[in-house]
Amino acid sequence: MLNIHCPNCGVTAEETEFHAHGEAHLTRFGPGASDDDFESYLFMRANPKGVHFERWRHQNGCGKWFHMARCTMTLEIFGTYSAQTTEPPQDILDRIRARRPDWNPHP
Amino acid sequence: MSDPVSALKNASDSTGIVQISEVGPAGMITLRGDLADKALIKAAVAAGGVNLPEQRRINTEGDRGMAWMSPDELLILCPYAEAKDRTADLAAAVAGQFALAVNVSDARVVFELKGPHARDVMAKLAPVDLHPSAFTPGMFRRTRLAQVAAALWMPQEDCFRIVCFRSVAQYVFDLLNVSAMPGSEVNYYG
Amino acid sequence: MKKYSVFAVAREAMRHHTGWTRAWRDAQPKKRYDAIIIGAGGHGLATAYYLGKNFGITNVAILEKGWLGGGNTGRNTTIIRSNYLQDPSAAIYEKSRSLYETMSQDLNYNVMFSPRGVIMLAQTEHEVRGYKRTAHANALQGVTTEWITPARVKELCPIMNIDGPRYPVLGGLWQARGGTARHDAVAWGYARACSDMGMDVIQKCEVTGIRAEGGKVVGVSTNRGDIDCDKLGMVVAGHSGHLADMAGFRLPVESVALQALVSEPIKPCMDIVVMANTVHGYMSQSDKGEMVIGGGTDGYNNYTQRGSFHHIEETVRALVETFPMISRLKMLRQWGGIVDVTGDRSPILSKTPVDGIFINCGWGTGGFKAIPGSGWAMAELMAKGRSPLTDAFGMERFREGRFIDESVAAGVAH
Amino acid sequence: MSTRLANGGRLLNTDRPLNFTFNGKQMRGYAGDTLASALLANGQMMVGRSFKYHRPRGLVASGAEEPNGLVNLGSEGKFEPNARVTTTELFEGLKAESQNHWPSLEFDVGAINAKLSRFLPAGFYYKMFMYPQAAWKHVYEPIIRKSAGLGKAPQARDDDTYEHFYAFCDVLVIGGGVAGLTAARTAARAGAQVMLVEQTEHWGGRAPVDGGSIDGKPVDNFVEEILSELKSLDNVQLRTRTMGAGVYDHGYVTCYERLRDHAPDTPGPRHRLWRVRAAHVVTATGALERPLSFAGNDIPGVMLASAMRDYVVNYGVSTGDRTVVVTNNDNAYLTAISLKHAGLDVPAILDTRALPQDSELVAQARALGIRILMGHAISSVKGTKRVTGVAICSQAGEGAVLEEIPCDAVAMSGGWSPVVHLWSHCGGKLVWNAEKACFSPDVDNPPKGADGMGFVTTAGSASGVFALDDVLCDAHAAGDGVATTLDFKLPKGDSAPKATRREEAPLMPVWMMPQGASVKLREKAWLDYQNDVKVSDVRLAAQEGFVSVEHTKRYTTLGMATDQGKLSNINGLATLAGALDTDIPSVGTTTFRPPYHPIAMAAIGGEARGDVFQPIRRTPLHNWHEANGAEFEPVGQWRRPYAFKRAGESTHDAVMREVKNTREKLGLLDASTLGKLLVKGPDAGRFLDMLYTNMMSTLKPGKCRYGLMCSENGFLIDDGVVARIDEDTWLCHTTTGGADSIHAHMEEWLQTEWWDWKVHVANLTEQYAQVAVVGPNARTALENLGGMDVSREALGFMEWTDGTLGGFPVRVYRISFSGELSYEIAVEASHGQAFWDALMAVGADLGVMPYGTECLHILRAEKGFIMIGDETDGTVIPQDLGLHWALSKKKDDYLGKRAQARSHMADPNRWKLVGLETVDGSTLPDGAYAVGAGTNENGQRNMIGRVTSTYHSPTLDRGIAMGLVLHGPDRMGEVIDFPGTDGKTYQARIVDPVFYDKEGEKQNV
Ligand SMILES: Cc1cc2nc3c(=O)[nH]c(=O)nc-3n(C[C@H](O)[C@H](O)[C@H](O)COP(=O)(O)OP(=O)(O)OC[C@H]3O[C@@H](n4cnc5c(N)ncnc54)[C@H](O)[C@@H]3O)c2cc1C
Ligand SMILES: NC(=O)c1ccc[n+]([C@@H]2O[C@H](COP(=O)([O-])OP(=O)(O)OC[C@H]3O[C@@H](n4cnc5c(N)ncnc54)[C@H](O)[C@@H]3O)[C@@H](O)[C@H]2O)c1
Ligand SMILES: Cc1cc2nc3c(=O)[nH]c(=O)nc-3n(C[C@H](O)[C@H](O)[C@H](O)COP(=O)(O)O)c2cc1C
Ligand SMILES: [Zn+2]
């Protein structure tokens, strides 16, 4: 039962207040995009054993979306941050590197 | 026009370890917009009759008040009969801005829970730290009450107000009753 | 290998069972195999078994990082049914179910297939329509199912509360020859039979790399050294994404936790399997007497084999409502498995971008029932390059927009 | 015979006798008794039968670890199977029955299995019962199943209620022995918020029984003092009868409080499941004594030494008159000494250790005149339903009998294992402690929390330290350490309580007794009493290649019983290690899983039963519907009237009447559940153009447009009428199910993709009651209400306007989902009922009737309108439904557009929407498929289409249907076959899906 901090309203609450929405930082591909890009955008997932960037919503709370960096092997949470960004912010990356020196971001 | 009828016609129950009542109808206005915008805040304060609450807090004065809902949303409380006019005033005040003021009085219900066991009864349903050092009057918490979304605050010690959607009023009332059944004292907070 | 039978047991009893030999050999990896299967879960073992049995390919190694059957095959709620809606699903699950019928005899290992019957309850008008539709489709697909009335539901399962105030039972889709099997035995029986054909079942052998040359697979690296092969089958369920990564391609798969629990054992009170998809819970009683209960998956990627408690809570309350008599029973144990869920919730049985590598994954919450059928089809795919049973399950379907969506009729796929 | 001693017990209140029955026999105990101690006091040693062989079973333990003492407790709505006698507090009128035997506990036919036991070793069923094939289902399985299970299946509905409680604390201490008390006090003194839970009714754990003194006082006094301090602190919560059940990720712990099991007739919830979120957890769960593996160690009368001591000291109950103690350590000597002090006979202590032992307890025992036989062991226990004696041998040998000692009880101790379950639930690792021969928590690998740091610490004997002063030191250090981690500070000078030190000689690991026991002895040496797993079974598993400990467990069922191997696990692992010729740590343990001890299903469900099982959403008109014959249908969490039944009417009749009446006169539909999403902002038009497949930005204020929404994957997900309110405001109607999901969908795109677009969305679904006023008399009705002009000229088709009707402020939409003249009117929810009443009143002369969802469905089907969820099922795209007109060609992009360009979605062979008319006028079966010629490669009939909705149309008085058919629109007039599941084949002609009023004259009047 994860304990999650919502960066939007500042509440730290159990997972039942939240809803997970899958991998973060996907680039949307629309009309004109290649089959590859479109397939990859909709379906292909990093699904890593380790650091995962993902989207969450504080569903039974402030209702806002945010991003989270979390380890799928230990459930450690490295931090949560704004959903209005296309890549993880530096402080989150620093924290991940501090905790997981061997970590390599997925290509 | 007829008198407004709240979802449970102000039902109440005091057979359990706390008193439970529906307090309604109540006026409620959702205001969305930039909470750093002076004009918007000014309009909100005028409508709510209280100061802008800080993050996760509520300011109230009698039937009036204002709650912080999210980084771009406030909930303004007022007497039911005033809600329409106040919404119109607000809308006029923020016209031209990127903001939204809308009357949601009828979409919600308000319950009140009273008595020394109030914290305990709430803690049976909401996954929230209600310890007196963690939750005090003036705080406003949107959360889950068993299986529905709700918001709660304490107008004063030993008393909670709960807002939820109108359609689940009966469910929430029943839940509160079950949780307050005689013999169910926890004596954790109260 | 010694044949198992009541006579063998009686004979052994006379000498205090000192004569039994290993069920499967403790094999050491060779340098090279015609085919390597990664993952000694049910699907991997069945694939190997049918490679041998149907195609005579026996120079095969099955590599397992832990103990065989220790993945989802060893932790599922063992529901077997084939009343799926879409043609390709119905075909492979029915093939599978029919193979279960004779599995004990085929393997000379009692897997206790118990065709006690499975009901999927309809508790909303939507489900009523969905299951009636499935019944129509099944009739044309050669799957024997039947739409039944609430009264019949009650007759088949007297402990059920069919007129609960919230979701009265409006009927059900009944598959009389669906049921359960002893999950561990399925893995053990296949392992024994594979070993008997000369295959190497190698435990504690983790694949750590995939070796390819010129776009074609040449072997794997493991914690016990490199092993060469001509063909490679990846059959690792929740770990598929990880292995695909090693081989340099991506999969439309995410790994999430699915949980189950058992009650303390009680005397027999439920003869069938019941799935209640609206409230999200399913239950059967094992041959030992526990109520075996399963529910829904967590919403986020997870490899811990633990899930969140609120899913247990949701499932249990749904079942207490459906079967009030379990209220005072006690939960004995809860556990989780990591299931691999695809973009359309249907499995992938497919060639891959790397020549010689085949993948079988994405069975998600419902692949125990598919073990023999999937093994049969996967073996054909690996041996012949094509199988009518796997045609629709290729991974190119996501690019084409050709999905096999089973959630259409029922919410879940267990 | 076991019996009650005259001198009373520590926990007993002899002033309060209690009556109870066991297997119908009247018995008597006292307040403070457990059912176990009371049974023993009444001479009831045998309490049940084992699972497989139906062997007689007596009590072996005194706490939650008891594997044998399971009973059917209570009756009717309070009946509970598998209740542990050791954790059941005695109450007046308690009724218990033993389990798993027929016809009686004393004489059990199933005991024949014990005779056959040599034919039923581990895994026998995998090797048998296969031939002939059919026999499994009809003969073998029924027999196996019949003999399955322990307790009886409950019949009645549970009388009780249950609840949850969410608590938060800095430190949760689990276990209220001296270690837990000390750790809790230390953390509390440092200032942390502490919660301390103890599963039994009593504080203090083992120490008061085992004696000694702490800070110069008897242990009981120490416990009392520490408790009164804890009770006086504001930052401490104490709970007895509350078990730490499971430790989950991020410091989440379930605790199981049994409020009323000891007083079932008092009002209030029976159990409370605590959901504690702790910054740190201290498990002070103590240690459990291990049995020894010797032949006959399962015969009633053989008991753990510590348990026997508990019964004597706490409850004043003797297990036997003559007890032989068998041990590999000093601790069991305490039992011998207690028994002696209680005036009972201890003919011998058999100590496997060969060297002369002269530690304190040995010396005490010797001084009491007890015969101590070093290097000795039990060869076998004599007796069947009760111990009658032991044959002794030397531990080193193969079991040659040296002597037989008559006795009626055996107290055994194989050493102690810390209770590591809660430490392990969430990933805490273990290390092998060779000196104490047990697995202890590996402090370097604790379970890790959200921050990646350890969040569980063990205290006391749960850490693997057993001497009282070590226990206290460890517990104090745990409390201090945890407090420090959490930034609290212990006052200077606070130190661990001091206990008198009792030196104990080292234990000798003993996994088989005697060491070289023959296979015959191993076949009688039990590891798992409940599941009948013996030493020989584990060895057989190893021999057959089930060498992973997890395989051994599953092959033999070792540790899978209701005690989850609390007594058997370590002995089993050691046996496996022995069989494999390896050491115990390389065998490892199986996985520890919650709950620590079984917990009631209902407690897990909590309050969620009956009326509050799940929320039911009710519209503002719900009560009226209920009072007026509505038959409800669940639509998501909503309840919508399916039809309004009149007296004597069938549901079908009601629906037919409603359709006819609406077409001919006037119908009212409660449409309040339809989603109403307000979308406002400078970018709202652009946003809606992305969300809908058609153009919304060009809609004029005052107008309405029907729109379609697709997922990014191309499939149709929702539809509804969109009204443009003003320059930058739109109101989007969604389906009932779509209100929340489409709202979330909109917010998702706004917050996570187009966050620079200026759009606000508000979900106003519940703000309004919405009523559809439908039928030829609709306009007249509204005119009768009065207040605004609703004429064709003032309010044209697909227009909306605000106004007043009958004094109610309303928003009126001139839209029609029925093909009739129709107005949908939104009024504030608080006035919804009054408005409905007003409509019913003005409609009275116009033939008004309410109608339900089924009538709605028929009306729309007659018009060929699609329904989300019928014509769509998540696999259908707008193109399949002939909705090309709603796919804007002018837009570069909308959600789903790229997806719809993929090869399969552009495939001309996709099934397309058509109308279907049976040749004979009958109604097509729901969900039927159309067949073409032949079969596919997998032997399935080729299908060429399916029915998506089908009804009897009262308007046309025939069956009508819609369906998706291969090349359907090109095959108008063709007749195709739909085989029914009833054996009939239905023939239907492909027709236009609009069956009624093709020109739309009726809705445009
Ligand atoms: C709680 C639960 C309940 C379920 N209930 C049902 C049900 O009722 N009915 C049903 O039909 N299905 C059910 N399922 C699904 C079913 O269990 C799975 O679909 C099925 O067991 C998958 O089998 P498998 O052989 O593909 O995978 P697994 O049994 O998981 O086997 C994969 C194997 O690959 C090994 N592996 C992974 N990586 C490597 C590597 N790098 N090197 C070597 N080996 C590796 C793993 O150790 C594992 O043993 C349930 C699943 C769960 C978790
Ligand atoms: N000399 C030896 O060989 C030896 C071995 C073991 C223990 N001991 C003695 O036993 C005592 C140990 O003290 P301690 O406090 O560490 O352990 P304890 O066994 O005295 O206390 C543990 C307490 O935790 C409770 N508990 C266990 N699991 C629980 C759960 N899941 N939820 C709630 N409560 C739970 C038990 O009911 C018990 O009251 C000392 O006196 C020690 O000397 C001696
Ligand atoms: C169908 C089925 C029945 C089970 N019955 C029992 C049981 O009676 N007792 C028990 O302790 N565990 C039972 N288990 C659970 C296993 O002990 C174990 O938890 C599960 O296989 C997952 O493995 P793990 O907990 O070792 O990770 C059962 C599991 C399954 C799949
Ligand atoms: Zn938030």
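Chain letters run A, B, ... following the sequence lines, proteins first and then strands; every chain starts at 1.
Looking at Ala561(D), the atoms closer than 4.5 Å to chain C (heavy atoms on both sides) all sit in the backbone: N, CA, C or O. For Thr21(C), the part lying under 4.5 angstrom from a heavy atom of chain D is the backbone only. Using a 4.5 Å cut-off between heavy atoms, Pro615(D) contacts chain C through its backbone alone, with no side-chain atom that close. With a 4.5 angstrom heavy-atom cutoff, Ile312(C) touches chain D via backbone and side-chain atoms both. Of the atoms belonging to Phe113(C), it is backbone heavy atoms, and not side-chain ones, that fall under 4.5 Å from chain D. Of the two parts of Gln637(D), the backbone and the side chain both hold a non-hydrogen atom closer than 4.5 Å to a non-hydrogen atom of chain C. The part of Lys3(C) that comes within reach of chain D is its side chain, from C-beta onward, which places non-hydrogen atoms under 4.5 angstrom from that chain. Proximity to chain C is absent for every atom of Tyr140(D), based on heavy atoms less than 4.5 angstrom apart. The parts of Ser263(C) that come within reach of chain D are both its backbone and its side chain, each placing non-hydrogen atoms under 4.5 angstrom from that chain. Heavy-atom distances place no part of Asn942(D) under 4.5 Å from chain C, backbone and side chain included. For Met291(C), no part lies under 4.5 angstrom from a heavy atom of chain D. For Asp926(D), the parts lying under 4.5 angstrom from a heavy atom of chain C are both the backbone and the side chain. In this structure, chain D has no heavy atom under 4.5 Å from any part of Asp344(C). Contact annotation for Asn82(D): both backbone and side-chain heavy atoms come within less than 4.5 Å of a heavy atom of chain C. Heavy-atom distances place the side chain of Trp188(C), and not its backbone, under 4.5 Å from chain D. With a 4.5 angstrom heavy-atom cutoff, Arg399(C) touches chain D only via backbone atoms. Looking at Thr981(D), the atoms closer than 4.5 Å to chain C (heavy atoms on both sides) sit in the backbone and in the side chain alike. Proximity to chain D (any heavy atom under 4.5 Å) is shown, for Glu12(C), by neither the backbone nor the side chain. For Asp611(D), no part sits under 4.5 Å from any heavy atom of chain C, backbone or side chain. Contacts of Phe715(D) with chain C are made by side-chain atoms alone, with heavy-atom separations under 4.5 Å and no backbone atom involved. There is no contact between Ala8(C) and chain D, counting heavy-atom distances below 4.5 Å. Residue Phe398(C) touches chain D through its backbone alone, counting heavy-atom pairs closer than 4.5 Å. Using a 4.5 Å cut-off between heavy atoms, Lys137(D) contacts chain C through its side chain alone, with no backbone atom that close. Proximity to chain D (any heavy atom under 4.5 Å) is restricted, for Ile293(C), to the side chain, taken from C-beta onward. When heavy atoms are compared at a cutoff of 4.5 Å, Ala899(D) does not approach chain C at all. Interface remark: Tyr248(D) contributes side-chain atoms only to the contact with chain C (heavy atom separation under 4.5 Å). Contact of Phe632(D) with chain C is not made at all, since no heavy-atom distance falls under 4.5 Å. Contact annotation for Gln285(C): both backbone and side-chain heavy atoms come within less than 4.5 Å of a heavy atom of chain D.
Here the OH-CG distance, from Tyr126(D) to Asp184(C), works out to 6.0 Å after rounding to the nearest 0.5 Å. Atoms CH2 and CD, on Trp136(D) and Glu101(C) in that order, are 14.0 Å from each other to the nearest 0.5 Å. Expressed to the nearest 0.5 Å, how far CG of Leu332(C) lies from OG1 of Thr562(D) amounts to 7.0 Å. One distance of note links NZ of Lys267(C) with CG of Asn100(D); it measures 4.0 Å at 0.5 Å rounding. The CD atom of Gln334(C) sits 8.0 Å away from atom CD1 of Ile599(D), with the distance rounded to the nearest 0.5 Å. In this structure, the separation between CZ on Arg539(D) and NE2 on His16(C) is 14.0 Å, given to the nearest 0.5 Å.
Across all non-hydrogen atoms, the minimal contact from Ala148(D) to Pro268(C) is O-CD, 3.9 Å. Here the closest heavy-atom approach between residue Pro634(D) and residue Gln123(C) is recorded as CG-O, 4.2 Å. Across every non-hydrogen atom of Val316(C) and Met601(D), the tightest pair is CG1-O, 3.2 Å.
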| Step-by-step side-chain contact (heavy atoms from CB on, under 4.5 Å) determination, Met325(C) to Gln155(D) | CA-CA 6 Å; Met325(C) 53 78 69; Gln155(D) 304 285 331; over 6 Å; no
| query | Given the rule in the side-chain contact (heavy atoms from CB on, under 4.5 Å) test, do Glu313(C) and Leu273(D) qualify, once you have shown the distances and angles that lead to the verdict? | reply | CA-CA 11 Å; Glu313(C) 177 189 335; Leu273(D) 190 71; over 6 Å; no
| said: Test side-chain contact (heavy atoms from CB on, under 4.5 Å) on Arg328(C) and Asp160(D); report intermediate values, then the result. | reply: CA-CA 9 Å; Arg328(C) 290 174 96 95; Asp160(D) 281 301; 2.7 Å; yes
| said: Using the rule given for side-chain contact (heavy atoms from CB on, under 4.5 Å), can you reason through Arg129(C) versus Asp870(D), listing the C-alpha separation, both sets of side-chain angles and the distance that settles it, and then say yes or no? | reply: CA-CA 9 Å; Arg129(C) 282 198 302 272; Asp870(D) 287 348; 2.9 Å; yes
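Residues Glu937(D) and Arg386(C) are paired through a salt bridge, judged by an N-O separation under 4.0 Å between the basic side chain and the carboxylate. Checked for salt-bridge contact, Arg402(C) and Asp907(D) miss the test: no charged N lies under 4.0 Å from a carboxylate O.
Trp67(C) has its side chain out of reach of Val547(D): every pair of non-hydrogen atoms, C-beta onward, lies at least 4.5 Å apart. Between Lys2(C) and Lys127(D) the shortest side-chain heavy-atom distance does not fall below 4.5 Å. The shortest side-chain heavy-atom distance between Arg333(C) and Thr591(D) falls under the 4.5 Å cut-off. Residues Gln543(D) and Trp20(C) are in side-chain contact: their nearest non-hydrogen atoms beyond the backbone lie under 4.5 Å apart. Lys288(C) is listed as a side-chain neighbour of Asn531(D), based on a closest heavy-atom distance under 4.5 Å.
Judged by distance alone, the side chains of Tyr167(C) and Gln614(D) do bring a donor and an acceptor atom under 3.5 Å apart. A donor-acceptor contact under 3.5 angstrom links the side chains of Tyr131(D) and Asn108(C), judged on distance only. Looking at Arg145(D) and Ser114(C), their side chains never bring a donor and an acceptor atom within 3.5 Å of each other.
Results of the side-chain contact (heavy atoms from CB on, under 4.5 Å) test with Met130(D) over Asn110(C), Val111(C), Leu107(C), Val6(C) single out Asn110(C) as the only residue that passes.
Between the side chain of Gln940(D) and the backbone N or O of Asp87(C), at least one donor-acceptor pair lies under 3.5 Å. The main-chain N or O of Arg116(C) is never found under 3.5 Å from a side-chain atom of Glu141(D) such that the two would form a donor-acceptor pair.
Two rings, from Trp24(C) and Phe546(D), have their centers less than 6.0 Å apart.
When each of Gly606(D), Ala156(D), Gly874(D), Gly610(D) is checked for heavy-atom pairs under 4.5 Å with chain C, Gly610(D) comes out on top.
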